[in-house]
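Take a look at the structure below.
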Amino acid sequence: MHVAVCIQSAHNEVYQQKMRWFAEGVSTECDVVQWTSLPNDHNKYVPVIYGSVKKNRSAAHHKIKSQVYDHGRPFVMLETPLVHRRADTIDHGWLRVGINGFLWDDAEWGFGHMDPTRNIVSPIEWRKNGDHILILMQNPGDASLRGADIFEWVENTVIELRKHTDRPIRIRPHPLPNKQQKLEQLKQKLRDVTFVENKLPDNLRPLSEDFKNCWCVVTYSSGSSVDAVMAGIPNIACDTGNMAWPISSTKLDMIEKPYTGDTKLWEQQISHCQFSTEELRNGVCWNHVKQSL
């Protein structure tokens, strides 16, 4: 098998180093090359790219990812992790690794080839009580939104929730300070909810603060849904790409009786969606991924 590690698909040296480590884990059994653009003989390679594809972006790293997305399938995508991640750094010790995508419903995760002994999360124990509902916003324009307007989604979500509950609603903005004017407009529209302050670099609010006494979180496709369910907080997922989709409620009218059922299969599945940097280097990640190529 020939593998092409597209180093230039990562725009930061921190990310590029992780791709080199992935190449280490592959090189013991595969011919590994580096691409800066899609060659004519691309069909004989399995490309590896870093980060989601944004076709409307003109930067070089977005161009090569778009080329691979359109012409290089199957490809391997490295992305930010879901477990053991932090909002205050880009240098994570783990990476999400999927084939042809990075969301629950658009990637091949190799669930048909799982190691039954692998589990990187603690067993989930669902909460039985709580007070407020927490709506977790996402970075406007992020690829995980798949074209959805996060501000419109929040407004419509609050309107619908009010038909089914009178619980306090708390809204947590994404910490990247994007589209602040639209956020302020949203605050003016939604007077009966609470917006918390959460902004990088100097005012990052720990998720744990908003998880205290939380009855249920409501998410579109936010990775923080994984943080929530691991803390035992039920989740309502509004998009099938949500990485907690299998153990979430999917309708807002379920807010008073959200899903709190079995999680064992999902715990094993999510453990096969990401790997440590050491597992990138020693081939553990590749040994799992290659079974689905």
Side-chain angles (χ1 to χ4, degrees), residues 82 85-88 103 126-245 247-260:
L82 298 154
R85 64 179 184 150
R86 291 165 43 195
D88 60 350
L103 296 173
W126 293 115
R127 292 186 186 177
K128 303 301 182 184
N129 49 42
D131 183 20
H132 67 273
I133 297 162
L134 179 63
I135 298 177
L136 295 168
M137 294 185 67
Q138 292 170 242
N139 191 20
D142 191 82
S144 62
L145 289 168
R146 300 199 274 206
D149 185 310
I150 192 63
F151 301 100
E152 289 183 3
W153 173 76
V154 169
E155 182 178 359
N156 292 334
T157 295
V158 170
I159 292 171
E160 183 63 24
L161 284 173
R162 282 294 176 231
K163 299 176 183 178
H164 308 288
T165 184
D166 58 2
R167 291 178 183 272
I169 295 176
R170 184 181 302 180
I171 298 176
R172 178 185 171 92
H174 190 276
L176 288 177
N178 295 338
K179 305 286 186 180
Q180 286 300 299
Q181 184 176 358
K182 292 196 71 172
L183 180 60
E184 292 303 318
Q185 291 171 349
L186 185 65
K187 290 179 180 180
Q188 294 301 314
K189 291 181 179 180
L190 303 176
R191 293 290 192 172
D192 64 339
V193 304
T194 300
F195 285 82
V196 299
E197 290 295 321
N198 180 45
K199 188 183 299 184
L200 286 168
D202 300 322
N203 196 21
L204 182 65
R205 179 181 173 90
L207 262 173
S208 57
E209 287 298 308
D210 294 317
F211 284 173
K212 291 178 182 177
N213 202 33
C214 180
W215 167 253
C216 184
V217 299
V218 181
T219 56
Y220 191 76
S221 55
S222 173
S224 293
S225 61
V226 174
D227 296 296
V229 296
M230 289 194 303
I233 304 170
N235 176 57
I236 294 181
C238 296
D239 183 76
T240 54
N242 194 305
M243 293 299 289
W245 180 263
I247 57 169
S248 300
S249 299
T250 59
K251 302 293 184 182
L252 294 173
D253 61 8
M254 301 174 71
I255 188 64
E256 289 298 333
K257 293 183 179 180
Y259 179 86
T260 54

With rounding to the nearest 0.5 Å, note down the distance linking [atom1] in [X] to [atom2] in [Y].
{"X": "Thr157", "Y": "Met137", "atom1": "OG1", "atom2": "CE", "result": "10.0 Å"}
{"X": "Met243", "Y": "Ser224", "atom1": "CE", "atom2": "OG", "result": "13.5 Å"}
{"X": "Asn213", "Y": "Arg170", "atom1": "CG", "atom2": "CZ", "result": "8.5 Å"}
{"X": "Leu183", "Y": "Lys179", "atom1": "CG", "atom2": "NZ", "result": "12.5 Å"}
{"X": "Cys216", "Y": "Asn235", "atom1": "SG", "atom2": "CG", "result": "6.5 Å"}
{"X": "Phe211", "Y": "His132", "atom1": "CZ", "atom2": "NE2", "result": "9.0 Å"}

Could you tell me whether Lys187 and Glu197 make a salt bridge, using a distance below 4.0 angstrom between a side-chain N and a carboxylate O?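 Glu197 and Lys187: salt-bridged.
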With a 4.0 Å cut-off, would you call Asp253 and Lys251 a salt bridge? no
For the student: nearest non-hydrogen atoms of [X] and [Y], plus distance:
{"X": "Trp215", "Y": "Lys128", "value": "CZ3-O, 4.0 Å"}
{"X": "Pro168", "Y": "Asp131", "value": "CD-OD1, 3.6 Å"}
{"X": "Phe195", "Y": "Leu190", "value": "CE1-O, 4.1 Å"}
{"X": "Pro234", "Y": "Tyr259", "value": "CB-O, 3.9 Å"}
{"X": "Gly241", "Y": "Leu103", "value": "O-CB, 3.6 Å"}
{"X": "Leu204", "Y": "Pro175", "value": "CD1-CB, 3.6 Å"}

I want to check something: taking the side chain as every heavy atom from C-beta on, are [X] and [Y] in contact at a cut-off of under 4.5 Å?
{"X": "Ser249", "Y": "Ile255", "answer": "no"}
{"X": "Cys214", "Y": "Arg127", "answer": "yes"}
{"X": "Arg162", "Y": "Ile169", "answer": "yes"}
{"X": "His174", "Y": "Ile150", "answer": "no"}
{"X": "Val158", "Y": "Ile171", "answer": "yes"}

Is the side chain of [X] donor-acceptor paired with the backbone N or O of [Y] at a distance under 3.5 Å, no angle test?
{"X": "Thr165", "Y": "Leu161", "value": "no"}
{"X": "Arg205", "Y": "Asp210", "value": "no"}
{"X": "Asn198", "Y": "Pro173", "value": "yes"}
{"X": "Arg85", "Y": "Gly223", "value": "yes"}
{"X": "Ser144", "Y": "Ser221", "value": "no"}
{"X": "Asn156", "Y": "Glu152", "value": "yes"}
{"X": "Arg191", "Y": "Gln188", "value": "yes"}

Passes side-chain contact (heavy atoms from CB on, under 4.5 Å), Leu252 versus Cys238? Steps please. CA-CA 8 Å; Leu252 294 173; Cys238 296; 4.2 Å; yes
How about CD on Gln181, more than 12 heavy atoms from neighbouring residues, nucleotides or ligands closer than 6.0 Å, or not? no
Under the side-chain contact (heavy atoms from CB on, under 4.5 Å) rule, what do Thr240 and Arg146 come out as? Steps first, then yes or no, please. CA-CA 11 Å; Thr240 54; Arg146 300 199 274 206; 3.7 Å; yes
Determine the sole option in Thr194, Leu207, Ile135, Val217 for which the side chain to side chain contact (heavy atoms under 4.5 Å, CB included) test with Arg172 is passed.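 One option only clears the test, and that one is Leu207.
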Examine the side chains of Asn242 and Thr219 and answer whether a donor and an acceptor come within less than 3.5 Å of each other.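 Note: Asn242 and Thr219 side chains meet the donor-acceptor criterion.
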